[in-house]
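In what follows, a structure is listed as structure tokens, so that the remarks can point back to it.
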Amino acid sequence: MIPAPESVSARLLAWYDRHARELLWRTGPAERARGIRPDPYRVWLSEVMLQQTTVAAVKDYFAKFTAKWPDVAALAAASEEDILKAWAGLGYYSRARNLKKCADAVVAEHGGNFPGTANALRALPGIGDYTAAAIAAIAFDEPAAVVDGNVERVVARLFAIDTPLPAAKKPIRERTGTLTPQDRPGDFAQAMMDLGATVCTPKRPACITCPLRDGCLALKAGDPERFPVRAPKRARPVRRGAAYVLTNDDGAVLLERRGPDGLLAGMTQVPTTGWNARADGATDTSEAPLPQAHWTDCGAISHVFTHFELRLSVFRAEGELEPDAHQWWSEPDAIAGEALPTVMKKVLVRALQHESGNERG
DNA sequence: AACTCGTGGCC
DNA sequence: TGGCCAAGAGT
């Protein structure tokens, strides 16, 4: 006997009314009671930031972005470079580039207002099936099936779906569609995600407090943690290369902008060997800028990307050179504002620590 | 369908 | 410690 849809949505919404998390981008219960809809711009911005990213990591970035760019027109007026600088550290940088493209499209093609249907939203850059459904449901009350990782887990358990992901995505979406109510679809979606984040967790789910425990087939089977079943993952290879931290007499660091495609596209880095996901680079100073300088070995840093681990040998030297077209000297006060991904911050910290260590020694 | 694309927190 | 995985999208 499968759980009845009306019972699931009613119990879940009642639970949400008591346990909803208060988040910057949500409207509170009082506003919802008065029929005040959340701002589609803020819903969109939060949903893009939350793609594969935790609530805790997003909070400060969301506050910074909405203070700096309070509406979609302001964001469209900003440069991609400034958006990448503000996004630095949050990861998945194609999201930031698509954010700019999407803001431009909303202004140019939709008169500065987000379209109000999942179908139209789906056509915008950086908005896929999940984000289109989430914006449509939360901001526009469309009963779209909102399926993220939380919902996949909740629904796979509720119906004891043992088909491994990603093959299970289609049946899970269909089940979610049957559960989604015509009334309060946005609250239903957010309730499913809150439930997955706080009760129906990947490890040690708190089934004793779950509003859906009566109908849950995974709990009935005695092992809710077994769901969702996932296909085995591939091994993560180690790649190697070298990074070169060159400073001049003013203490400025030589930086450069990465190309427009691939890993960390458009972001800032110190000069490095040509490491990528498929080929190692040299781990010595053979590819360093200003090769005649005295390069000091500062040791290595390690950084884990989604599908490979990168170990970079860090070298440091002092000297002057004329930056080429995509390079510049970044003064000490400017470095914090550069679009430096975390892996490059590790490189700079390693070079700096090594310098202070030498001074002590 | 399979692969690329970041980062941080958790146990 | 290292594997897991988090409000996925694009190709």
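Here is how names work: the chains are called A, B, and so on, in the same order as the sequence lines, proteins then strands, and each is numbered from 1. Worth knowing before you read on, the calculation uses all heavy atoms, side chains too, and leaves out hydrogens, waters and symmetry mates.
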In this structure, how many angstroms lie between the [atom2] atom of [N] and the [atom1] atom of [X], rounded?
X	N	atom1	atom2	result
A:Ile301	B:dG6	CD1	C1'	13 Å
A:Leu90	B:dC5	CG	P	18 Å
A:Phe308	B:dT7	CZ	P	10 Å
A:Leu340	B:dT7	CG	P	11 Å
A:Arg239	B:dG6	CZ	C1'	18 Å
A:Glu309	B:dG6	CD	P	17 Å
A:Asn98	B:dT4	CG	P	19 Å
A:Lys345	B:dG6	NZ	C1'	12 Å

Q: Look at the rings of A:Trp87 and A:Phe65 and say which category their plane angle falls in: under 30° parallel, 30 to 60° tilted, over 60° perpendicular.
A: perpendicular
Q: Just say parallel, tilted or perpendicular for the rings of A:Phe62 and A:Trp25, cut-offs at 30° and 60°.
A: perpendicular
(Q) Tell me whether A:Asp324 at atom CG has more than 12 heavy atoms from other residues, nucleotides or ligands lying less than 6.0 Å away. (A) yes
Q. Regarding A:Glu338 and A:Trp328, is there a side-chain donor-to-acceptor distance under 3.5 Å anywhere?
A. yes
When you measure from the side-chain N and O atoms of [X] to the phosphate of [N], is any distance below 4.0 Å, counting only OP1 and OP2?
X	N	result
A:His303	B:dG6	no
A:Tyr92	B:dT4	no
A:Thr342	B:dT7	yes

Measuring only the [atom1] atom in each nucleotide, how far is [N] from [M]? A whole number of Å is fine.
N	M	atom1	value
B:dC11	C:dA7	P	16 Å
C:dG8	B:dA1	C1'	16 Å
C:dA9	B:dG8	P	22 Å

Q: On DNA chain B, check which nucleotide each of A:Ala167 and A:Phe305 is closest to and give me the residue with the more 5' one.
A: A:Ala167
(Q) Both A:Asp261 and A:Ala56 contact DNA chain B. Taking the nearest nucleotide for each, which residue is further toward the 5' end? (A) A:Asp261
Q: Would you grab the first and last nucleotide of DNA chain C (5' to 3') that comes under 4.0 Å of any non-hydrogen atom in chain A?
A: C:dC5 to C:dG10
Q. Which distance, rounded to the nearest 0.5 Å, do you find between the CZ of A:Arg95 and the CD of A:Glu47?
A. 11.5 Å
(Q) Grouping I, L, V, M, F, W and Y whenever their side-chain heavy atoms are under 4.5 Å apart, do A:Met49 and A:Leu99 come out in a common cluster? (A) yes
(Q) Is there a path of hydrophobic side-chain contacts, each under 4.5 Å between heavy atoms, that joins A:Leu246 and A:Val343? (A) no
Q | Base of B:dG8 paired with side chain of A:Thr53 (donor-acceptor, under 3.5 Å) | A | no
Q.
Nearest heavy atom decides the nucleotide; on that basis, is A:Arg236 or A:Trp25 closer to the 5' end of DNA chain C?
A. A:Arg236
